[in-house]
Amino acid sequence: ADTLGSAAAGQGRYFGTAVAASHLGESDYAATLDREFSSVTPENEMKWDATEPSRGSFTFTSADRIVDHAQSQGMDVRGHTLVWHSQLPSWVSPLGAQDLRTAMNAHINGLMGHYKGEIHSWDVVNEAFQDGGSGARRSSPFQDKLGDGFIEEAFRTARAADPAAKLCYNDYNTDGVNAKSNAVYDMVKDFKSRGVPIDCVGFQSHFNSNSPVPSDYRHNLQRFADLGVDVQITELDIEGSGSAQAADYTKVVEACLAVSRCTGMTVWGVTDKYSWRSGGTPLLFDGDYNAKPAYGAVLSAF
Ligand code: XIL
């Protein structure tokens, strides 16, 4: 295979990228996207601040541009993200508990209703756990006012809103076995034992010298898969360059391929030029859309 998407498809996986609507008009960007990728995740356009900037007023213009583009190319769409402490419009945090619960469910219903039947997987809840050794939930308006049960409630609402979408919990620093991933593991295990609807766990996989590709990555993906959920690599980027970066990308592809329920991976951008790691070079194409050594490594790892 000579593209990322076709190479991954040869192993029954998808290969996706984060996309920004504002770049779709750039011909090299669109050409690289369309040639290489079989799935897209809107980088910011489906977040709460972008889609419901004031209560009850939904705006889907930018997200629709991405979904329309993806559909015209036969690509899947990952929905990102419904309930997250970040990129929240300012009207959400002051709400009292009962009102916040109503607003959270209305937000999920508004997004999932608009895209009903069009989204492969939704990141229903993003980044609900703290870093470090506590295994505790992260403070957020949802956690602080609704308690641990907000996650379960969000998943139940999401299942009813679009029964065809896979429902994922997504987080970072959960790629290896550690206190944070153990806490997510315990939550998923509890959900499966009680019939709370969850289909997949997303591992963001933002790697750099402080947070390298973990040596127990495959083992960690497998233990989640063994709970009866799919696993996906959702926001992959790896700081570095040249052969060292290429070798790290190889490790990631190999880890996913070794886990039959690892259904696909998404890199967090098409080109280094637009990476959220400003000044960094963590992606597969350089700023001129030339394939980097990491690109060749990914292709040959499939
Ligand atoms: C980032 C985007 O890439 C940036 O453009 C934006 O300014 C901030 O958010 N975890 C996530 C993603 O789940 O939504 C974040 O995306 C990166 C970290």
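When a ligand or atom number is given, it counts from 1 through the structure's own listing order. Only heavy atoms go into these numbers, but all of them, side chains included; no hydrogens, no water, no symmetry mates.
Contact annotation: for Thr81 versus ligand 1, there are no heavy atoms closer than 4.0 Å. Of the heavy atoms in Trp268, only side-chain atoms (C-beta onward) come closer than 4.0 Å to ligand 1. No part of Asp123 comes within 4.0 Å of ligand 1, judged by heavy-atom distances.
Residues Ala165 and Trp122 come closest through the heavy atom pair CB-CD1, 3.8 Å.
Short contacts between ligand 1 and Glu43, defined as distances under 4.0 Å to a heavy atom of the residue, involve ligand atoms 2 (C), 3 (O), 4 (C), 5 (O). Here is the list of ligand 1 atoms found below 4.0 Å of a heavy atom in Gln87: 8 (C), 9 (O). Interface atoms of ligand 1 facing His80, defined by a heavy-atom separation under 4.0 Å, are 11 (C), 12 (C), 13 (O), 14 (O). Below 4.0 Å from some heavy atom of Glu235 lie the following atoms of ligand 1, by number and element: 10 (N), 11 (C), 12 (C), 13 (O), 17 (C), 18 (C). Taking every non-hydrogen atom of Asn126 and a distance limit under 4.0 Å, the qualifying atoms of ligand 1 come out as 11 (C), 13 (O).
Between Lys180 and Glu127 there is no salt bridge, since no side-chain nitrogen of the basic residue lies less than 4.0 Å from a carboxylate oxygen of the acidic one. A salt bridge does not link Glu239 with Arg277: every distance from a Lys NZ or Arg NE/NH1/NH2 to an Asp or Glu carboxylate oxygen is 4.0 Å or more.
Here the two rings, on His80 and Trp268, have centers that are under 6.0 Å apart.
Annotation: Trp84 places no N or O atom under 3.5 Å from an N or O atom of ligand 1; distance criterion only. An N or O contact shorter than 3.5 Å links Gln204 to ligand 1 by distance. Any N or O atom pair closer than 3.5 Å counts here, and Glu127 shares at least one such pair with ligand 1.
Each of Glu235, Gln232, Arg78 was evaluated against Asn170; a single residue qualifies, Glu235, per the side-chain hydrogen bond (donor to acceptor under 3.5 Å, both in side chains) test.
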- Task: Go through the steps to decide whether Val92 and Trp48 satisfy the test side chain to side chain contact (heavy atoms under 4.5 Å, CB included), and finish with yes or no.
- Result: CA-CA 10 Å; Val92 176; Trp48 200 319; 3.8 Å; yes

- Show your working on salt bridge (Lys or Arg N to Asp or Glu O under 4.0 Å) between Arg65 and Glu45 and close with a plain yes or no. CA-CA 9 Å; Arg65 280 190 67 196; Glu45 291 79 351; over 6 Å; no

- Task: Quick one: do Asp230 and Arg261 satisfy salt bridge (Lys or Arg N to Asp or Glu O under 4.0 Å)? Show the steps, please.
- Result: CA-CA 5 Å; Asp230 288 342; Arg261 292 197 77 148; 2.9 Å; yes

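Scanning all protein heavy atoms for the shortest distance to atom 7 (O) of ligand 1 gives Asn44 OD1, 4.3 Å. With respect to atom 1 (C) of ligand 1, the closest heavy atom belonging to the protein is Lys47 NZ, 3.7 Å.
Between Tyr217 and Ile233 there is a side-chain heavy-atom pair separated by less than 4.5 Å.
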